[in-house]
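Notes follow the structure.
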Amino acid sequence: MSSSFGKGSHLHLIDGSAFIFRAYHALPPLTRKSDGLPIGAVSGFCNMIYRYVEDNAGPDAPTHVAVIFDKGSHTFRNDLYDLYKANRDEMPEDLRPQIPLTRRATEAFNIACKEMENYEADDIIATLACQARDAGGRVTIISSDKDLMQLVGDGVEMLDAMKNRRIDRDGVFEKFGVWPDQVVDVQALAGDSVDNVPGAPGIGVKTAALLINEFGSLEDLLDRADEIKQPKRRQTLIDKREQIELSKRLVQLDCDTPLDFTLDDLEVRDPDPEALMPFLAEMEFRTLTKRIADKLGVEPPVIEDTPAPEPEDSAEEIAFDPANYVCVRDTETLDAWIAQIRERGYVAVDTETTGLNEMTAGLVGISLAVEPGHACYVPLAHRDGAADDLFGSDALAEGQMAMEDALALLKPVLEDDAILKIGQNIKYDAKIFRRHGVDVAPIDDTMLLSYAMYGGLHGHGMDALSERYLSHTPIPIKPLLGSGKSAITFDKVGIDEATAYAAEDADITLRLWQTFKPRLHREKVTTVYETLERPLVPVLAEMEMHGIKVDREVLSRMSNAFAQKMAGLEAEIHELAGEEFNVGSPKQLGEILFDKMSLPGGKRGKTGAYSTPADVLEDLATEHELPGRVLDWRQLSKLKSTYTDALQTHINGDTGRVHTSYSITGANTGRLASTDPNLQNIPVRTDEGRRIREAFVAEPGNVLVSLDYSQIELRILAHIAGIDALKQAFSDGLDIHAMTASEMFDVPLDEMTPEVRRRAKAINFGVIYGISGFGLARNLRIPRGEAQGFIDRYFERFPGIRAYMDDTIAFAKENGYVQTLFGRRIHTPEINAKGPHAGFAKRAAINAPIQGTAADVIRRAMVRMPAAIDGLPARMLLQVHDELLFEVAEDAVDDTIAAARAVMEGAADPAVKLDVDLVADAGQGANWAEAH
DNA sequence: GACATCACG
DNA sequence: GACGTACGTGATGTCC
């Protein structure tokens with residue numbers, strides 16, 4: 001039976017994606033009975049595969065067959081042309097979770113299933129077809145995709161499975177008016193709106209075929225374009241030559257895709273009932289299971305007819321019991337666990353380390369869980385506490401695998417495309433592993449699943465999720481590590497205790513995943529999770545690990561200067577106060593100001609102490625010299641303690657760079673939060689503060705490049721609330737605050753004063769924040785009635801805002817959440833509360849879709865950015881809500897800006913068509929102060 | 001550990 | 001008619 005591919009062989013290549021989409025659109029949205037998982041497309045796909053197998057059992061049966069899939073949406077063609085396929089709609093919500101199931105279905109039918117990163121299915125098909133043809137065999141491509149027609153000829157044919165019609169050279173000529181080897185030339189001219197291939201404007205397939213037939217080839221046509229009689233057509237071909245040549249490169253299939261398999265691997269295999277039956281039963285395809293069981297002559301498996309209990313109930317079935325957890329101390333045991341992981345195809349992973357900072361913490365142990373209650377801990381670097389040991393207390397404890405050996409065994413699993421690694425905040429563990437040379441992928445994250453489904457309802461830490469969704473209180477870490485001065489690191493914890501704690505974490509993570517994963521599509525946030533949460537993990541991990549260079553000398557010098565100035569101010573302040581006191585103590589300051597000096601306006605906070613925030617001191621500055629001095633002192637104190645001093649302690653000894661950590665679930669709206677250190681609040685608003693940014697520098701030969709969205713929230717407001725005047729102003733490129741001022745206060749644009757503009761700007765921001773008369777009055781320091789007048793006028797001049805606010809609050813009250821343009825849900829549990837809470841909740845509800853949509857937009861840009869700047873000597877370093885900061889080799893600055901800007905400005909596409917353009921402004925310089 | 005303050009978008 | 005209010009964050013220092 002086994003012989004190598006050659007003359008007499010017949011290869012069938014099935015366009016898997018076409019099957020999936022046809023199945024999806026042909027069938028109603030079926031769901032699996034037991035848990036509601038959408039399986040309509042999988043069902044249709046299986047039926048089509050089965051019918052295919054049935055239909056091809058005859059004398060003309062293929063000897064080799066493969067189903068080819070697309071992998072990911074980014075391919076090398078996007079590097080040629082970033083708008084390639086850019087107008088494709090995103091995958092329907094309920095189709096997305098079915099995609100991996102169609103791979104499993106193919107394998108269950110024992111048919112080779114192939115896909116490749118960075119290449120389209122069409123390229124793999126082309127390569128295989130060329131190889132088979134060259135080997136003297138026949139090829140049938142089962143697809144009706146016209147892009148594949150260029151391959152027809154010399155024993156290669158297409159089969160339109162739908163119409164059961166074979167397409168040979170004549171068929172291609174019928175469709176394109178040229179022979180297959182000229183199809184790409186026609187396509188290059190005609191373009192393709194579906195794939196967004198530009199082509200030559202005004203030239204369709206008919207004209208293109210005419211021209212190609214006349215000139216023989218695209219190259220001759222373009223070289224001799226001046227011979228064309230029609231002036232417009234001639235001009236188009238001359239002007240758009242580059243675009244046409246690009247189009248050809250886009251439609252030309254790659255016959256040299258570097259495949260990691262050969263034709264011989266595709267030999268037809270008989271279905272294996274042992275694999276196929278369990279899969280069909282798992283999908284609960286009753287009819288198909290029975291039909292195929294009959295055909296194969298096996299007993300059909302029993303498919304339960306009762307809906308499964310709710311996941312909440314099932315997750316509790318197996319009790320948590322530390323006695324079940326295994327401590328893995330040798331290779332044989334670890335191998336056994338790895339075998340189980342490979343069998344399942346997924347594993348929950350957790351790392352234990354000596355600290356919370358992924359860049360400095362040492363790996364202590366790894367825990368794994370494969371099913372509820374079935375978890376293990378692999379201790380790797382636990383240390384004895386024995387003080388009289390010859391090596392001090394640093395000796396490794398007995399009975400641990402060598403870290404190197406354990407990682408060598410786990411690396412292939414952690415990096416295996418076919419094994420899903422599940423974590424709770426897996427970015428942390430992925431970074432730890434990365435420092436040991438292991439790239440963890442693909443991943444799922446229970447924290448992100450929770451955030452996508454329940455953002456705004458509760459926190460997403462493991463303890464909280466375990467309590468809430470598993471009704472289980474995890475073993476607390478406190479008793480193990482102690483607290484305060486006597487606290488120890490995890491490597492000093494005894495291995496038995498550590499096993500109970502660590503394995504349980506993996507166990508909990510696995511159970512949370514089993515609880516959450518099936519709910520994702522029911523909550524209709526699969527796309528949010530798949531496009532805005534999960535893909536961000538590797539992107540952020542990369543940025544964080546790369547870090548940004550910070551010049552310690554610059555900070556140190558500034559710190560000294562600040563200290564001197566502060567000392568001077570402190571002496572002055574004490575002099576003015578007539579006594580020495582702690583200027584940093586608001587309590588003491590309040591007593592000096594309001595009791596001793598009897599200045600007006602002393603208000604007490606909730607602790608009974610006087611309140612002395614900046615705006616109060618600013619008002620008092622007209623009465624006395626002291627408050628002004630205190631304000632100066634406070635500014636310096638802030639800059640010194642939070643920035644020039646603290647930042648130095650965050651410079652990593654190994655890298656000389658500062659590595660922040662982004663929290664994906666930190667902000668309710670979808671924004672990121674930056675910690676340890678927070679690099680999203682580095683000063684910029686005052687000249688003195690901005691100088692801190694001079695310490696953020698590029699490596700020699702590089703520059704920092706910053707791109708930030710211009711007025712993104714106001715643009716989104718204009719779109720969401722449908723404010724025509726705002727949209728128009730943006731499209732005209734006007735100064736948006738000046739335009740608002742002009743509209744509101746009837747001042748012509750050319751007579752605008754900074755003061756009037758400032759007021760309008762405050763109102764614009766106020767609207768985004770869920771404006772109130774009181775808030776605006778305080779911000780602008782004007783009487784409340786006047787502020788209310790501004791707001792009323794604003795609503796009058798920009799109708800749409802009011803409706804947006806009312807509708808948003810009504811929606812929140814009705815549904816308990818609001819959502820962004822990309823479907824992110826932000827829950828608003830307080831929206832129906834009584835009392836002052838309600839006001840907060842309403843304003844937050846008004847703000848969330850705007851801030852959240854902006855956050856989604858930059859997330860989309862970040863996810864696409866690595867591919868867009870791939871090949872350029874450029875790295876993305878930081879995100880500051882509407883800004884991305886890059887470090888770029890000097891000679892690649894322009895290319896990087898162009899690529900990054902295209903990604904940022906197009907980030908909403910194709911999911912959302914905004915009425916307002918997004919604009920990103922760019923800057924560059926040796927340091928962040930210059931770049932911003 | 002709560003609170004006040006202030007840095008950013 | 002009175003609530004007390006701009007939205008979203010994180011870090012630091014004081015004070016109990």
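Just so we're on the same page: letters track the sequence lines, and every chain starts at 1.
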Using heavy atoms and a sub-4.0 Å distance, could you list which residues of [range] are near DNA chain C? By number, please.
range	answer
residues 920-932 of chain A	none
residues 790-828 of chain A	none
residues 608-623 of chain A	none

Practice item. Answer yes or no for A/R778 and A/F774: cation-pi contact, defined as NZ/CZ to six-membered ring centre under 6.0 Å and angle to ring axis within 45°. Key: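 Judged by the rule (NZ or CZ under 6.0 Å from the ring centre, within 45° of its axis), A/R778 is not positioned above A/F774.
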
With no hydrogens and no angle check, is any side-chain donor or acceptor of [X] less than 3.5 Å from a backbone partner on [Y]?
X	Y	value
A/T853	A/L821	yes
A/D882	A/D708	no
A/T828	A/E830	no
A/S637	A/W633	no
A/R864	A/V903	no

Review point. Do A/K640 and A/L555 touch side chain to side chain, with heavy atoms closer than 4.5 Å?
Key: no

Review point. With side chains defined as the heavy atoms from C-beta onward, is the minimum distance between A/R859 and A/I664 less than 4.5 Å?
Key: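 A side-chain contact exists here, since the closest heavy-atom pair is under 4.5 Å.
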
Can a donor-acceptor pair be found between the side chains of [X] and [Y] at a distance below 3.5 Å?
X	Y	answer
A/E467	A/T473	yes
A/T669	A/Q851	yes
A/S661	A/D676	no
A/E883	A/H932	yes
A/E544	A/T660	no
A/Q788	A/D792	yes

Exercise for review: For each nucleotide in nucleotides 10-16 of chain C, reading 5' to 3', give B when a protein heavy atom comes within less than 4.0 Å of its base, S when such contact involves only the sugar-phosphate, and - otherwise.
Suggested key: BBSSSSS

Base, sugar-phosphate, or nothing for [X], non-hydrogen atoms under 4.0 angstrom?
X	value
A/F765	nothing
A/Q635	sugar-phosphate
A/L776	base
A/D882	sugar-phosphate
A/R685	base
A/L639	nothing
A/R690	nothing

I'd like a table of donor-acceptor pairs (distance under 3.5 Å, sequence neighbours excluded) in which one partner is a side-chain atom from residues 758-767 of chain A, with atom names and distances.
unit_1: A/R758; atom_1: NE; unit_2: A/E755; atom_2: OE1; d: 3.2
unit_1: A/R758; atom_1: NH2; unit_2: A/E755; atom_2: OE2; d: 3.4
unit_1: A/R759; atom_1: NE; unit_2: A/E755; atom_2: OE2; d: 3.3
unit_1: A/R759; atom_1: NH1; unit_2: A/E786; atom_2: OE2; d: 3.4
unit_1: A/N764; atom_1: OD1; unit_2: A/Y794; atom_2: OH; d: 2.8
unit_1: A/N764; atom_1: ND2; unit_2: A/H737; atom_2: ND1; d: 3.0
unit_1: A/N764; atom_1: ND2; unit_2: A/T740; atom_2: OG1; d: 3.0

[atom1] of [X] versus [atom2] of [N]: gap in Å, rounded?
X	N	atom1	atom2	result
A/I771	C/dG8	CD1	P	16 Å
A/Q851	C/dC7	CD	C1'	6 Å
A/E713	C/dA6	CD	C1'	13 Å
A/E830	C/dC7	CD	P	13 Å
A/I846	C/dG8	CD1	P	11 Å
A/I712	C/dG8	CD1	P	18 Å
A/D856	C/dG8	CG	C1'	14 Å

Practice item. Provide the Watson-Crick or G-U wobble partner of B/dC6, both distances under 3.5 Å; none if there is no partner. Key: C/dG10

**Study point:** Any-strand Watson-Crick or G-U partner of C/dC3, both distances under 3.5 Å
**Key:**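 By the stated definition (distances under 3.5 Å), nothing pairs with C/dC3.
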
Point to revise | Residue met sooner reading DNA chain C from 5', once A/S772 and A/A844 are mapped to nucleotides | key: A/S772

Check your understanding: Are any of A/R843's side-chain N or O atoms less than 4.0 Å away from OP1 or OP2 of C/dC7?
Key -> yes

Check your understanding: For C/dA6, does either OP1 or OP2 sit under 4.0 Å from a side-chain N or O belonging to A/R778?
Key ->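 Answer is yes, contact under 4.0 Å.
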
Gap in Å between the two [atom1] atoms, one belonging to [N] and one to [M], rounded:
N	M	atom1	value
C/dA2	B/dA7	P	36 Å
B/dC6	C/dA6	P	14 Å
C/dC3	B/dT5	P	23 Å

Check your understanding: Could you give the start and end, 5' to 3', of the contact zone on DNA chain B for chain A, using atoms under 4.0 Å from its heavy atoms?
Key ->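 The protein-touched segment is B/dC3 to B/dG9.
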
Exercise for review: Run the numbers on A/E887 and A/K549 for salt bridge (charged side-chain N to carboxylate O under 4.0 Å, His left out), then give the verdict.
Suggested key: CA-CA 10 Å; A/E887 186 171 17; A/K549 187 175 182 184; over 6 Å; no

Exercise for review: Might you work through the ring-ring contact (aromatic ring centres under 6.0 Å, His included) test for A/Y451 and A/Y529, ending with a clear yes or no?
Suggested key: CA-CA 9 Å; A/Y451 185 60; A/Y529 177 73; over 10 Å; no

Study note, to complete from the structure: Here the pair of heavy atoms bringing A/V616 nearest to A/S611 is CG1-O, 4.3 Å

